[in-house]
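Working notes, beginning with the structure itself.
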Number of protein chains: 2
Amino acid sequence: MNQRADVHHPEPDGSVTPRLCEACEARHRGICGALTDGELLALSRVSGKRSLEPGENIISDADLVASYGNMLSGVAKLSKTLSDGRQQIVELQFAPDFLGRPFHKESHLTVDAATVVRLCTFPKSTFDKMVSGNPDLKQRLLDQSLRQLDEARDWMVTLGRKTAREKLASFLAYLARHVNPENREKPGGVVVELPLTRSDMADFLGLTIETVSRQLTALRKSNLINLIDSRHVEIRSMPRLLQEAGD
Amino acid sequence: MNQRADVHHPEPDGSVTPRLCEACEARHRGICGALTDGELLALSRVSGKRSLEPGENIISDADLVASYGNMLSGVAKLSKTLSDGRQQIVELQFAPDFLGRPFHKESHLTVDAATVVRLCTFPKSTFDKMVSGNPDLKQRLLDQSLRQLDEARDWMVTLGRKTAREKLASFLAYLARHVNPENREKPGGVVVELPLTRSDMADFLGLTIETVSRQLTALRKSNLINLIDSRHVEIRSMPRLLQEAGD
DNA sequence: CGGCCGGTTGAATCTCTTCAACGTCCGTGG
DNA sequence: CCACGGACGTTGAAGAGATTCAACCGGCCG
């Protein structure tokens with residue numbers, strides 16, 4: 001085999017990993033973990049890294065999507081917009097989530113960067129072919145879809161049945177859980193960085209920015225949280241916050 | 001091959017279809033369409049039909065689920081409940097939807113019959129094995145998951161951003177579409193049967209029963225619908241209803 | 001007949017929104 | 001250098017939309 005050192009290098013076990021993928025989280029926890037060495041190499045040959053600033057658009061609603069991506073870092077917003085402009089964020093994506101809707105020509109979602117986002121992108125056609133031929137990869141896609149379906153349904157309860165205060169508590173719990181799943185069980189406090197503006201939080205929670213702001217100060221006055229600055233919140237006790245979240 | 005006439009019979013093309021599956025919608029549009037003759041036969045040997053009355057429970061939250069099912073007819077509610085009893089219906093299932101959460105020991109949902117429901121059930125273990133070995137089947141599961149994910153996210157917009165009136169209009173449109181996908185494009189009117197009580201509608205829309213009732217009469221007074229009886233609604237014009245639904 | 005369930009309607013209440021003012025931070029340009 | 005404008009966030013007061021509480025109706029079953 002004729003290897004170019006700048007594209008891949010041998011692993012201790014004899015397998016090869018493309019340079020591009022070496023330090024990539026998606027290589028292990030993400031979708032790419034299901035790829036064979038050959039597939040990974042083939043994909044890395046046609047993939048590229050992309051960096052986006054907060055607010056920058058990644059995919060527009062009804063766009064013809066020609067490529068998929070893996071989140072390498074940062075937070076992206078998946079949202080839907082009504083004809084009169086009302087917006088609802090339906091999910092946040094973190095590394096190493098897979099970005100894109102397999103088997104559909106166009107997206108029915110808008111994807112925007114909430115923070116600085118780094119992406120690894122690759123052509124839809126190449127990837128779709130790999131999915132057809134690799135059941136493990138299909139399994140990973142199925143796993144992610146089912147996980148996202150669970151998330152979506154949990155959030156539907158938040159949107160449909162919770163009060164503004166509970167929504168804010170739920171959001172903070174959601175964040176704490178997504179930056180580190182262990183946070184859910186922690187007996188004490190946690191500091192979380194808010195990847196969203198008040199306006200984004202409102203769109204995620206089905207509220208207005210004013211209500212978001214008010215409920216945050218209400219939670220602070222109840223000693224449940226501490227507002228370090230507008231982008232950092234200290235959750236003083238995870239169990240009490242979860243209590244407050246209602247479920 | 002030693003065939004028992006009560007279990008299967010030969011098809012014109014030489015394949016065999018188990019008696020049980022002959023008239024089954026799921027055999028074609030549903031999950032079972034991806035099964036080989038052999039798999040279908042094996043599955044039919046361990047499957048059984050079940051009929052449930054309205055309100056009857058199919059799967060409880062946190063139940064250890066030992067079996068899956070295909071909807072043969074009727075409507076089932078998938079719902080989640082908060083600790084204090086508030087409830088949110090997260091999706092309705094129609095024939096020939098697949099019922100159950102693959103690869104998870106316990107369900108995080110409650111499933112109840114809304115109308116009379118007929119099910120074809122089969123053991124989780126048998127089916128899970130088939131999924132591992134049959135990429136087409138896995139594909140169908142992935143397709144259904146992605147479709148449900150789209151549904152869920154659309155509904156999140158309804159729950160988070162629409163007014164009560166828009167929610168009711170959205171619900172009627174949702175029903176019309178699920179009874180018959182062509183209804184979405186129809187220029188004229190449609191009569192739909194409501195598979196849910198006012199209380200269920202409220203739990204699906206994140207409202208109270210009183211608001212549901214009031215908004216229905218409001219839509220009637222606006223000449224958008226006609227309330228034939230408490231279980232039948234005539235949508236007088238699909239386009240106008242969709243307009244009213246906001247998106 | 002009486003009671004219960006599902007549904008509708010009215011009046012009072014409350015939660016969240018709307019509208020408006022104000023404060024801070026930050027980059028731009030006079 | 002500092003004044004200006006814009007983005008983001010907080011807070012107050014008034015208002016609207018949905019909920020709560022309550023009464024009532026019709027159908028059904030014991």
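Naming: A, B, ... by sequence-line order, numbering from 1 per chain.
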Grab the CZ-C1' distance between A:R86 and C:dC16 for me, whole Å please. 15 Å
Residues which pass ring-ring contact (aromatic ring centres under 6.0 Å, His included) with A:F122, listed by chain and number, not counting sequence neighbours: A:F127
Residues pairing under salt bridge (charged side-chain N to carboxylate O under 4.0 Å, His left out) where one sits in residues 208-226 of chain B, two or more places apart or in two chains, turn out to be none
Pairs under 3.5 Å (N/O, protein and nucleotides 23-25 of chain D):
none

Roughly how far, to the nearest 0.5 Å, is CG of A:L141 from CD1 of A:I31? 4.0 Å
Give a yes or no on whether the backbone of A:G48 and the side-chain of A:T121 come within a donor-acceptor separation of less than 3.5 Å. yes
Contacts of A:N226 meeting side-chain contact (heavy atoms from CB on, under 4.5 Å) (sequence neighbours excluded), chain-then-number -> A:E234
Chi angles and distances behind the side chain to side chain contact (heavy atoms under 4.5 Å, CB included) call for A:L207, A:Q215: CA-CA 11 Å; A:L207 298 171; A:Q215 294 302 329; 5.6 Å; no
Could you work out, with side-chain contact (heavy atoms from CB on, under 4.5 Å) as the rule, every residue matching B:R184, not counting sequence neighbours? B:R177
Enumerate the protein-to-nucleotides 9-12 of chain D contacts in which both atoms are nitrogen or oxygen and the separation is below 3.5 Å.
residue, atom, partner, partner atom, Å
D:dG9, OP2, A:R198, N, 2.9
D:dT10, OP1, A:R198, NH2, 3.1
D:dT10, OP2, A:R198, NE, 2.7
D:dT10, OP2, A:S213, OG, 2.7
D:dT10, O5', A:S213, OG, 3.0
D:dG12, N7, A:R214, NH1, 2.9
D:dG12, O6, A:R214, NH2, 3.3

Side chain to side chain, B:N70 and B:P96, heavy atoms closer than 4.5 Å: no
Answer with base, sugar-phosphate or nothing: what part of the nucleic acid does B:G206 contact at a heavy-atom distance below 4.0 Å? sugar-phosphate
Residues at least two apart in sequence or cross-chain that pass side-chain contact (heavy atoms from CB on, under 4.5 Å) with B:K80, listed by chain then number, are A:R153, A:D154, A:V157, B:V90, B:H108, B:L109
Terminal axes of the helix from C:dT17-D:dA14 to C:dG30-D:dC1 (five pairs each): angle between them, nearest 10 degrees: 10°
From the list B:R140, B:Q144, B:Q148, B:M71, side-chain contact (heavy atoms from CB on, under 4.5 Å) partner of B:F98 resolves to B:Q144
Among pairs that include at least one residue of residues 155-164 of chain A, which meet salt bridge (charged side-chain N to carboxylate O under 4.0 Å, His left out), considering only residues two or more places apart or in two chains? A:R161-B:D203, A:K162-A:D247
Rounded to whole angstrom units, what separation is found between the CG atom of A:L207 and the C1' atom of C:dT17? 10 Å
With A:A169, which residues qualify under side-chain contact (heavy atoms from CB on, under 4.5 Å), at least two apart? A:L241, A:E244, A:A245
Restricting to ring-ring contact (aromatic ring centres under 6.0 Å, His included), what partner residues turn up for B:F171, sequence neighbours left out? B:F204
Using a cut-off of strictly less than 4.0 Å between a heavy atom of the residue and any atom of DNA chain C, enumerate the qualifying residues of residues 161-172 of chain A by number. A:T163, A:A164
